Amino acid sequence: MGFLTSIFGQADQVRTITTSRDLEQFLIGLGGGSGAGIHVSPESSMRFSTVFACVKVISEDVAKLPLHLYRRRKDGGKERATDHPLSWLMNTRPNPWMSSFNFREMGTGHLALRGNSYSFIERGLGGAVSGLIPLHPDRVTVEQQPDYTLKYTHRRPGMDPKVFASDEVLHVCGMTLDGVSGLSPIAYQRDTVGLAMAASRFGSKVFANGAKMGGILSTPARFKDPRRADQLAKDFDEKTSGENAHGTVVLEEDMKWTKASMTSEDAQYLETRKFQRQEIAGIFRVPPHKIGDLERATFTNIEHQSMEYVQDCLMSYLVRWEQAMNYSLLTEREQGKYYFEFLVDGLLRGDIASRYTAYQTAINDGIMSPNEVRAKENMNPRGDGLGDRYMRSANTVPADTPVAAPSAPAKPGNGDGRTMEEEGDVATQ
């Protein structure tokens with residue numbers, strides 16, 4: 001029996017779930033309904049502004065960061081391996097129809113919405129990677145074989161399924177419960193997303209009616225035909241809703257219009273939307289100010305919030321990408337010599353005054369050379385040949401340097417070598 005058995009409908013209808021992928025399909029399936037009665041899926045959730053903004057921010061930030069392939073040096077340092085074919089592939093054209101930005105943006109979007117990103121690895125002569133073909137996560141199923149290897153099955157409409165071995169797929173996996181496939185945040189948080197979508201839909205309907213509150217049409221007369229009342233209400237709504245809102249209506253037969261008062265639920269509509277916006281941003285770990293919510297942001301803390309976004313949200317995506325590329329794209333022999341790494345310095349940069357103060361300290365303490373500082377500021381090296389020299393402060397010495405014993409203070413005198421006391425003795429004589 002699987003780790004979760006769900007029973008729904010009749011007692012004899014039992015569905016056994018054995019993997020996280022099965023659970024995800026169960027949650028999204030059955031209409032994808034949420035507690036608010038809204039169909040929730042990765043596609044439909046992207047129509048909600050907060051989900052769209054969070055996914056867009058994360059995927060674009062991952063895509064725009066410089067991605068470098070480094071070569072380890074014997075002295076413990078590193079250098080960019082720009083001569084390696086993978087460096088060009090991952091930074092220029094992973095495949096003939098996509099740029100590096102589009103490829104990483106799409107893959108990160110799949111990861112944020114569905115918890116998985118798949119790409120078929122094309123190999124040329126000698127097994128070298130020659131291209132990466134993206135595979136839509138909804139069309140890929142992952143199975144663990146008896147020998148614990150993974151098998152990927154890709155199904156395209158109108159075509160026979162294709163089966164790939166684990167070394168043929170670049171799989172960037174999100175949070176997982178079984179170590180095989182990642183969890184879809186939308187599937188597991190469908191009630192939260194559905195509530196936000198329901199509140200948004202409610203607001204759309206209100207404004208579609210011209211923001212007109214409901215009410216009661218009353219008359220002392222009785223209708224012989226009950227359908228007459230329904231038709232009257234329908235005609236009244238057509239003349240006072242949508243494009244006809246705020247128009248003039250003539251009431252006959254002593255009819256009166258009584259406007260319904262706003263309920264407490266209606267009064268809390270904006271607060272509900274605001275809370276759901278913050279809650280969904282929390283699911284993606286995106287600070288509210290990154291999606292346009294500046295209510296609690298100030299000029300004194302927004303810089304630190306941006307740094308927290310890189311460290312607490314973006315870094316997990318970057319590490320997943322780096323480790324997946326290192327394992328799947330590099331050969332076993334290359335893995336000890338090369339590695340991929342995103343350069344996040346641009347996102348962690350402070351204001352110009354803070355940067356230049358830090359640079360000054362780094363140069364004075366011999367941590368960085370002037371040319372290294374200029375490289376970080378996207379400047380060319382100095383042309384006088386002095387930019388690669390490391391400096392140190394004149395009053396700075398190694399910590400193990402012996403401290404000289406202090407010399408005895410000289411006694412005050414008049415400049416001829418005699419002390420004041422000695423001069424006094426002479427004068428007394």
Side-chain angles (χ1 to χ4, degrees), residues 53-73 76-95 98-119 121 129 131-132 134 137 169-176 182 185 284-287 290-291 303-331 334-350 355 358 368 372-373 375-378:
C54 289
V55 175
K56 183 178 175 64
V57 164
I58 295 173
S59 58
E60 287 185 345
D61 283 347
V62 172
K64 73 184 181 183
L65 285 177
L67 173 61
H68 297 300
L69 178 64
Y70 287 101
R71 181 186 295 110
R72 292 184 174 90
R73 298 190 318 201
K78 62 181 181 180
E79 60 186 7
R80 295 179 184 176
T82 55
D83 56 340
H84 197 289
L86 281 176
S87 179
W88 182 91
L89 183 76
M90 295 306 301
N91 284 280
T92 310
R93 306 292 287 188
N95 54 64
M98 297 183 73
S99 66
S100 174
F101 185 98
N102 295 138
F103 177 80
R104 283 185 274 156
E105 180 187 38
M106 183 194 67
T108 306
H110 287 166
L111 188 61
L113 283 172
R114 295 170 170 85
N116 296 279
S117 172
Y118 304 103
S119 299
I121 304 174
V129 179
L132 294 171
V169 177
L170 172 63
H171 181 191
V172 186
C173 182
M175 178 184 176
T176 178
F284 290 98
R285 303 187 71 182
V286 174
K290 296 291 290 185
I291 57 175
E303 181 179 338
H304 291 87
Q305 288 185 36
S306 298
M307 293 182 180
E308 290 178 358
Y309 160 69
V310 175
Q311 297 167 356
D312 298 337
C313 171
L314 210 60
M315 193 61 67
S316 61
Y317 289 91
L318 302 180
V319 174
R320 295 182 197 279
W321 271 101
E322 291 169 354
Q323 294 186 356
M325 290 186 295
N326 290 339
Y327 178 77
S328 299
L329 303 184
L330 297 173
T331 64
E334 289 178 327
Q335 289 174 17
K337 186 177 181 180
Y338 298 92
Y339 64 96
F340 285 96
E341 186 177 34
F342 285 94
L343 193 62
V344 298
D345 293 1
L347 295 179
L348 296 176
R349 292 172 63 177
R355 296 202 313 272
M368 299 177 67
E372 290 173 337
V373 171
K376 282 187 171 293
E377 291 296 314
N378 200 26

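Quick caveat: nothing in here was measured; it's all calculated off a predicted structure.
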Presence of salt bridge, E341 and K78, under 4.0 angstrom: yes

Heavy-atom donor-acceptor pair, E105 side chain to S59 backbone, under 3.5 Å: no

Decide whether W321 and T108 meet the rule of one side-chain donor and one side-chain acceptor closer than 3.5 Å. yes

Please step through side chain to side chain contact (heavy atoms under 4.5 Å, CB included) for the pair E322 and Y339, ending with a clear verdict. CA-CA 8 Å; E322 291 169 354; Y339 64 96; over 6 Å; no

Any donor-acceptor pair under 3.5 Å linking the side chain of S100 with the backbone of M90? yes

Atom pair CE/OG1 of M98 and T92 - distance to nearest 0.5 Å: 14.0 Å

Could you tell me which non-hydrogen atom of I291 sits nearest to which non-hydrogen atom of A53, and how far apart they are? CG2-CB, 3.7 Å

In this structure, CG of L113 is separated from CZ of F284 (nearest 0.5 Å) by 5.5 Å

Value rounded to 0.5 Å, distance of CG in L330 from OH in Y338: 9.0 Å

Side chain to side chain contact (heavy atoms under 4.5 Å, CB included) assessment of D345 paired with K376: CA-CA 8 Å; D345 293 1; K376 282 187 171 293; 2.7 Å; yes

For H171, enumerate each residue passing the ring-ring contact (aromatic ring centres under 6.0 Å, His included) test, keeping only those at least two apart in sequence or located in another chain. Y118, Y152

Note: A81 and S87 closest approach over all heavy atoms is O-CB, 3.4 Å

Close side-chain approach of R71 and D83, heavy atoms under 4.5 Å: yes

Side chain to side chain contact (heavy atoms under 4.5 Å, CB included) evaluation trace for S119 with V169: CA-CA 5 Å; S119 299; V169 177; over 6 Å; no

Donor-acceptor under 3.5 Å (N95 side chain, G131 main chain): no

ring-ring contact (aromatic ring centres under 6.0 Å, His included) between F340 and H68, intermediate numbers included: CA-CA 6 Å; F340 285 96; H68 297 300; over 10 Å; no

Euclidean distance, F342 CZ relative to L67 CG, rounded to 0.5 Å: 4.5 Å

Do Q323 and V319 make a side-chain contact, defined as non-hydrogen atoms from C-beta onward lying under 4.5 Å apart? yes

Is it true that a side-chain atom of N116 and a backbone atom of C173 form a donor plus acceptor pair closer than 3.5 Å? no

To check you understand the geometry: which heavy-atom pair defines the closest contact between L170 and A324, and what is its length? CD1-O, 3.5 Å

Y327 atom OH: more than 12 heavy-atom contacts under 6.0 Å: no

Applying side chain to side chain donor-acceptor pair (under 3.5 Å), run through S316 and R320 and close with a yes or a no. CA-CA 6 Å; S316 61; R320 295 182 197 279; 4.9 Å; no

Please walk me through it: do W88 and R93 pass side chain to side chain contact (heavy atoms under 4.5 Å, CB included)? CA-CA 7 Å; W88 182 91; R93 306 292 287 188; 4.0 Å; yes

Indicate yes or no for a side-chain donor-acceptor contact from E79 to the backbone of R73 under 3.5 Å, with no hydrogens or angles considered. no

Do L318 and V62 come close enough that some side-chain heavy atom pair is under 4.5 Å? yes

To the closest 0.5 Å, what do you measure between CG (L329) and NE2 (H84)? 10.0 Å

Distance-only donor-acceptor pairs under 3.5 Å for side chains of residues 307-315, two or more places apart:
residue	atom	partner	partner atom	Å
Y309	OH	D61	OD2	2.6

On a heavy-atom basis, which atom in P185 and which in G115 lie closest, and how many Å separate them? CD-N, 4.2 Å

E377/R355 ion pair, N-O < 4.0 Å: yes

Rounded distance [0.5 Å steps], CZ in R104 versus CD in E60: 13.0 Å

